[in-house]
Amino acid sequence: MEKLSPDWTDATNLLTARRQSRWAAKYAADRFFRFLCLGSIIFLGAVLGAIVLFVSETGFLVFRDVSLWEFFFSSRWDPEHGKYGAAVFIAGTLYLTLVTLLIATPISICVAVFIAEIAPPWLRQWLRTLLDLLVGIPSIVYGYLGATLLIPWIREHTGAPVGDGFLAAAIVLSIMILPTITRITDDALCAVPNEWREANYALGGTTFQMIVRVVLPAAKSGIAAAVILGMARAIGETMAVVMVIGNVAQFGFDLVTPTSVLTSHIVMQILNVDFQSTTNHALYMMAFLLLLISISLIMAIRRLRLKGGQ
Amino acid sequence: MKRTTLWKRMAAAVLSSALLIGAAFTTQHRADAAEVSGKIVIAGSTALLPLTQQAAKEFKKSHPKVKIVVSGSSSIAGPQSVAKGVATIGACDWDATRAVGGFPAYKGLKAYKIAKIPFAVIVNKNNSVDNLSVQQIQDIYEGKITNWKQVGGKDEEIVVINRAKGSGTRVNFEDKIMDGHAIKTSGDNYKEVQKSGDMVNAVSSNPNAIGFVDLAYVKGGIKAVSINGVKATTANAASGKYVFYGYGYLLTKGEAKGADKAFINYILSKKFQNGSLKKLKFIPVK
Amino acid sequence: MNELVSVPSKKMGRFRTRRTINKLMLGLISAVSLSIFSLILALLYTIVRKGLPDIDVHFLVGLPEEIDAGGGIGPFLWNSLYILFLSLFLSLPIGIGAGIFLAEYAPRTRSMEWVRGAIESLASVPSIVFGLFGYALFVEYFQIGVTILGAAVTLALLNLPVLARVTEEAVTAVPSTWREASFALGATKTQTILKTVLPAAARGIVTGVSLVACRAFGESAIILLVGGTSASGEMWDFHLLSEGATLPVHLWYIQSEALVADAQEIAQKTSALLVVIVLLLSFAIRFPLWLTQRKKPR
C-alpha cells in the first residue's frame, strides 16, 4: 500500500505536466490566432491606405494647374480650353444618390418586410435565392437592359428627345441596389427575437402594428447598415450608369437631360487621356472626391446609428 | 460534430487548391524560359482589336514559338504603352508621331500604316434622310441645324450622338468632317457614348439620332448616309471619292525588331491584307 | 361573459378600423413586393430566353472567332472561374480574419471607430479606382502586363473591405451569453470564436461570401484594366501570367467593338450564361450550410 502512493503522485504529476503543456499549447494557439486576425486587419489597412495614397497623390497634382475654386465651383468642364470645373459631376453624384435612395429604400424595406414577416415559409427561401441571384448579375447586363428597354420607354412617356439622364440612371441603380438593401434588412428583421412578436399578439396588436411598432424599430441599426451598403453600391457603380446617363458635362436636375456623374465621367475619360496631362490628374482628383464623399456620408450615418443605439 | 466535418472539408479544399496553384507556378516557369525572346505585347485601340487579334491568331500558327499578348483599351494607350515600355507594339487610330486631336506627338516612335479605315455617318434605319453634305453634317454637330425637316426629313428634333473625347473615331470625324468647326457638346438633345457598339445601340434605338462609326459596324437597325452624294462603300473609300476615312497605325519604339518586325510584316503581307483584313471590312494599304 | 359582449361600441369600432388597416397595409406590402418580384422575373426571363436555348457544348469550351460565326467562349469562361477561385482563395482568410478582429479583439475606442468607418466606406470605393491601382501596380510597376494573377489579386483587394464588414456584422450579432457559456466551460478565446461564434455567425458570413463572389464574378472594370480584353487562346490554361479577360469583359468587348458576324447572338448567349452561372454559384456556396442546418432539429 505504501509503495503505491509514490506511483500515484507520479501519475498525478504526469497528468498535471501533460495538462500544463496542453494548456500552454492551447494558449499559444490562442495568441497565434489573435496574431493572425491582427495581421489581417493590418494588411487590409495597409492595402487600403496605399490605394488612398496612390489616388490622392496623383489627384492633388491637378491643383498645380487649376485653382481650388475653379475645380469645385465651376461647372465648365472643357479640358481643350484649359477649363477644369468639376461641379457638374460632384453635384450629379450627390443628386443621383439621393434620387436612387428615394426610390430604392421604401421599396426594399417593403420587400424585406414581406419576405421576413408575411410570406409563407416555402416562398421565403425562393425569394431570397432570387434576390441573391440579382446581386451577381454583371452591371453591364443591367446597363444594356437600361439602354435598350428603359430609355425608349422614358423617351415615350416624358417626351424627352434623348431619354438618358438621372431618371434612367436612378431606376437602373435602384434595381441594382434593391437586392442588397432587401437582403440585409431581411437578415436584420429575422434577428428580432420571436418572443417580441408573440408579446405583440398577446397584447392584441395586429400584424401591421407589430411590423411598424416592434420589428422595424428593433431592427433599426441593421436597416441603417443595409441602406449604407446600398448607397455605397449606388455611389460607386460605373459600368451600368455610363450606359444610361448620357455623359454630357451639364446639369440635369430635371431628370431627363443627359448629364454626368463622377464615376461615369472617370470611366468615360480615364482610358482616353495622356498619363501626364492635367485632365488625368483631374480625373484622379474626382476618384479621390468619390472616396471622400463616401467616407463622410458613412461617418455621418455611423454617428446617427450610434446615437440611435444608445 | 457536423460542424467539424464541414471545417475539415473546407481545410481539405484549401489545401488541394494550394497544391494546384503551386503546380501552376512550376509549369509557368518552364514556359517562360523557353520563349523569353519572342514575346509580342500589343496594346491600344479597340477599333483595331479585331484586326490585331485575328492577325495574332494566324501568326501564332506559322510562328508557334512566339507568344503574343493582345489587349485593347483605347487609342492613346497604344503610343503611351510603347513609350513606357509596357507594350512592344501600340495600335492607334491616328499617326501618334504627330500631334493630333489635342494629344501630344510621341517622339522616338515609328508608325506603320497598316490599314485604311472607312467610317460612316449613321442614322436610324427608319429615317427618310439618305444623303447629307459635309456642310449639313457640320451644321448639325455645331447645333445650327436642329430639326430633320431642315435637311429633308420628318419634323422631328435631331438627337446628336458623339463618342467620348479621345476616341479614335471622333478624332477622325473632327479631322475629316468637322474640319476645325467645334462640336456643340451640351443641350438636351446631345449625348456621348463610350464605344462603337454603344453608338450602334444608341442610333438603332432612337429614330431621330445621328452618329458616326466604322463602316464595318453598319448593319441591323442603322444605315449609313451618303456624304456629298457619294455612297459609303469600301470601294468609294478606297478610290478616295468618299471623304470620311482614316488610317490604322501600329507603333514601335524606334525601328521594329525581331518578333515585332515579323508580326508587322505579316500584317502588311499580301496574304493578310487581301484576306482577313478585307473580310473585316478594312481596306488594304498597298 | 357579459362583460365581453358589452364592450363599448367605440372600442369595437377602433378594433375594426385596426383590422381593416392591418389587412389593407399587409395587402399593399404584398402587392408591391410581388410586383417587384414579377418585374425581376420578367427581366431575368428576357435575358435568359434570348440566349439559353442556343448554348451548346461547343460554345462553352470552343475558342473565340474574330470573323466567322460559330466561335465559342471557352477561354473566357475558364478565366472567369479560375480568377474567381484565386481571388476568393486570397481574400476569404484575410477578410474574415479582419472582420473577427474588428468584432472580437478591437477595443471600442474612437480610433478604432475611424478604422471601422474607413473600411465601411472603402467597401464603396468604385471598382474603377481599384482597377487603376491594380494597373499601376501590376502593369506599370511589376511590368508583368495584363494577367490572370493581377486580375485575381486586384479583385481580392476589392473584396476585402466588404468581407471584413459583413463578418464583423455577423459576429457582433451573436449573443454574448453564448461566448460566456463557452468561457465558463474553460474554452480559450480562440476556441470560443472558432467553435461557438463563427458557426453561429456562419449564416451571415456565407451570405456575405456569396454576395462577394457574385460581385467578383460579374466585375468588369477591374478586369478590363488589369486582366485585359483577350484570353490566351487555349483551353485549361493554368498559367498565372496569361491574359485574364473574363466573361463579363468579353461581353463588353462583343457589345462594344467586335466585328464577328454573330456578335449579337454571342452577346445574348453570354448574358444568359452569366445569369445561370451566378445562380449556380450562389447555390454552390450555400449548399454546405443548408446540409448542416437541415439536420439540426430546430
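Just so it is clear: chains get the letters A, B, ... in the order the sequence lines come, proteins before strands, and each one is counted from 1. Side chains included, hydrogens not; waters and symmetry mates left out as well; all remaining heavy atoms used.
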TODO: For chain C, find which of A:V47, A:L127, A:L145 contributes the most heavy-atom pairs closer than 4.5 angstrom.
DONE: A:L127
Task: Atom pair SG (A:C190) and CZ (C:R203), whose distance is rounded to the nearest 0.5 Å - done: 6.0 Å
Task: A:L130 CG to C:L44 CG distance, which is reported to the nearest 0.5 Å - done: 6.0 Å
TODO: Would you check, one step at a time, whether the test side chain to side chain contact (heavy atoms under 4.5 Å, CB included) holds for A:F54 with C:L132?
DONE: CA-CA 9 Å; A:F54 160 73; C:L132 289 172; 4.2 Å; yes
Open item on the list: If you count heavy atoms of other groups shown closer than 6.0 angstrom to CZ of C:R49, is the number above 12?
Closed with: yes
- [ ] Indicate the ring-plane relationship of A:F33 and C:Y105, choosing parallel, tilted or perpendicular according to the 30° and 60° boundaries.
- [x] tilted
- [ ] Determine, stepwise, if the pair C:T188 / A:Y27 fulfils side chain to side chain contact (heavy atoms under 4.5 Å, CB included).
- [x] CA-CA 7 Å; C:T188 61; A:Y27 282 97; 3.6 Å; yes
Task: For C:S33 against A:C110, the heavy-atom pair lying closest together - done: OG-O, 3.6 Å
- [ ] Could you look at C:P161 and say if it's the side chain, the backbone, both or neither that has a heavy atom under 4.5 Å from chain A?
- [x] both
TODO: Any chance you could measure A:I118, atom CD1, to C:I29, atom CD1, to the nearest 0.5 Å?
DONE: 4.5 Å
Open item on the list: Assess the residue pair C:R18 and A:Q209 against the criterion (side chain to side chain contact (heavy atoms under 4.5 Å, CB included)); give the C-alpha distance rounded to whole Å, side-chain angles, the decisive distance to 0.1 Å, and a yes or no.
Closed with: CA-CA 9 Å; C:R18 255 175 29 195; A:Q209 281 176 321; 3.3 Å; yes
TODO: Against chain A, label C:L247 side chain, backbone, both or neither, depending on which of its atoms sit under 4.5 Å from a heavy atom there.
DONE: neither
- [ ] Using a cut-off of under 4.5 Å on heavy-atom pairs, state which of A:I107, A:L48, A:V141 scores highest against chain C.
- [x] A:L48
Would you tabulate the side-chain donor-acceptor contacts of residues 208-226 of chain C under 3.5 Å, counting partners in other chains and residues two or more places apart, or write 'none'?
unit_1: C:S210; atom_1: OG; unit_2: C:R286; atom_2: NH1; d: 3.3
unit_1: C:S210; atom_1: OG; unit_2: C:R286; atom_2: NH2; d: 3.4
unit_1: C:E219; atom_1: OE1; unit_2: C:S127; atom_2: OG; d: 3.4
unit_1: C:E219; atom_1: OE2; unit_2: C:S127; atom_2: OG; d: 3.1
unit_1: C:E219; atom_1: OE2; unit_2: C:A221; atom_2: N; d: 2.9
unit_1: C:E219; atom_1: OE2; unit_2: C:I222; atom_2: N; d: 3.2

Task: Residue C:L102 versus chain A: region with a heavy atom under 4.5 Å - done: side chain
- [ ] Heavy atoms only: give me the nearest A:L44-C:A98 pair and the separation to one decimal.
- [x] CD2-CB, 3.9 Å
TODO: Show your working on side chain to side chain contact (heavy atoms under 4.5 Å, CB included) between C:I21 and A:T206 and close with a plain yes or no.
DONE: CA-CA 9 Å; C:I21 291 179; A:T206 62; over 6 Å; no
Task: Part of A:A50 within contact of chain C (heavy atom distance under 4.5 Å) - done: both
Open item on the list: Using a 4.5 angstrom heavy-atom cutoff, name the option from C:V129, C:V32, C:L274 with the most pairs to chain A.
Closed with: C:L274
Task: Heavy-atom contact with chain A under 4.5 Å, split by part of C:A173 - done: neither
TODO: Examine whether an atom of A:Y144 lies under 4.5 Å from a heavy atom of chain C, and if so say whether it belongs to the side chain, the backbone or both; otherwise answer neither.
DONE: side chain
TODO: Tell me, out of C:V275, C:V162, C:I40, C:L39, who's got the most heavy-atom pairs with chain A below 4.5 Å.
DONE: C:I40
Task: A:Y142 versus chain C, the contacting section by heavy-atom distance below 4.5 Å - done: neither
Task: chain A contact via C:I47 - side chain, backbone, both or neither, heavy atoms under 4.5 Å - done: side chain
TODO: Counting only heavy atoms closer than 4.5 Å, note whether A:L262 contacts chain C via side chain, backbone, both or neither.
DONE: neither
- [ ] Could you tell me which of A:G205, A:A287, A:P138, A:A191 has the largest number of non-hydrogen atom pairs under 4.5 Å with chain C?
- [x] A:P138
Task: C:S91: partners by side chain to side chain contact (heavy atoms under 4.5 Å, CB included), with sequence neighbours left out - done: C:L88, C:A156, C:N159, C:L160, C:L163
Open item on the list: Heavy-atom cut-off 4.5 Å, strictly under: side chain, backbone, both or neither for C:L24 against chain A?
Closed with: neither
Task: Within 6.0 Å of CZ in C:F15, more than 12 heavy atoms from elsewhere - done: no
Task: When C:W252, C:Y135, C:F37 are compared by non-hydrogen pairs under 4.5 Å with chain A, the top option - done: C:F37
Open item on the list: Please classify the contact of A:V52 with chain C as side chain, backbone, both or neither, using a heavy-atom distance under 4.5 Å.
Closed with: side chain
TODO: Report the distance from atom CD of C:E169 to atom CD1 of A:I184, rounding to the nearest 0.5 Å.
DONE: 8.0 Å
- [ ] Please round to the nearest 0.5 Å and tell me the distance separating atom CD1 of A:I41 and atom CZ of C:R116.
- [x] 8.5 Å
- [ ] Can you tell which part of C:I36 gets under 4.5 Å to a heavy atom of chain A, answering side chain, backbone, both or neither?
- [x] side chain
- [ ] Identify which of A:L36, A:T207, A:D187 forms the greatest number of heavy-atom pairs closer than 4.5 Å to chain C.
- [x] A:T207
Task: Spatial distance of atom CG (C:L137) from atom CD1 (A:I51) [nearest 0.5 Å] - done: 9.5 Å
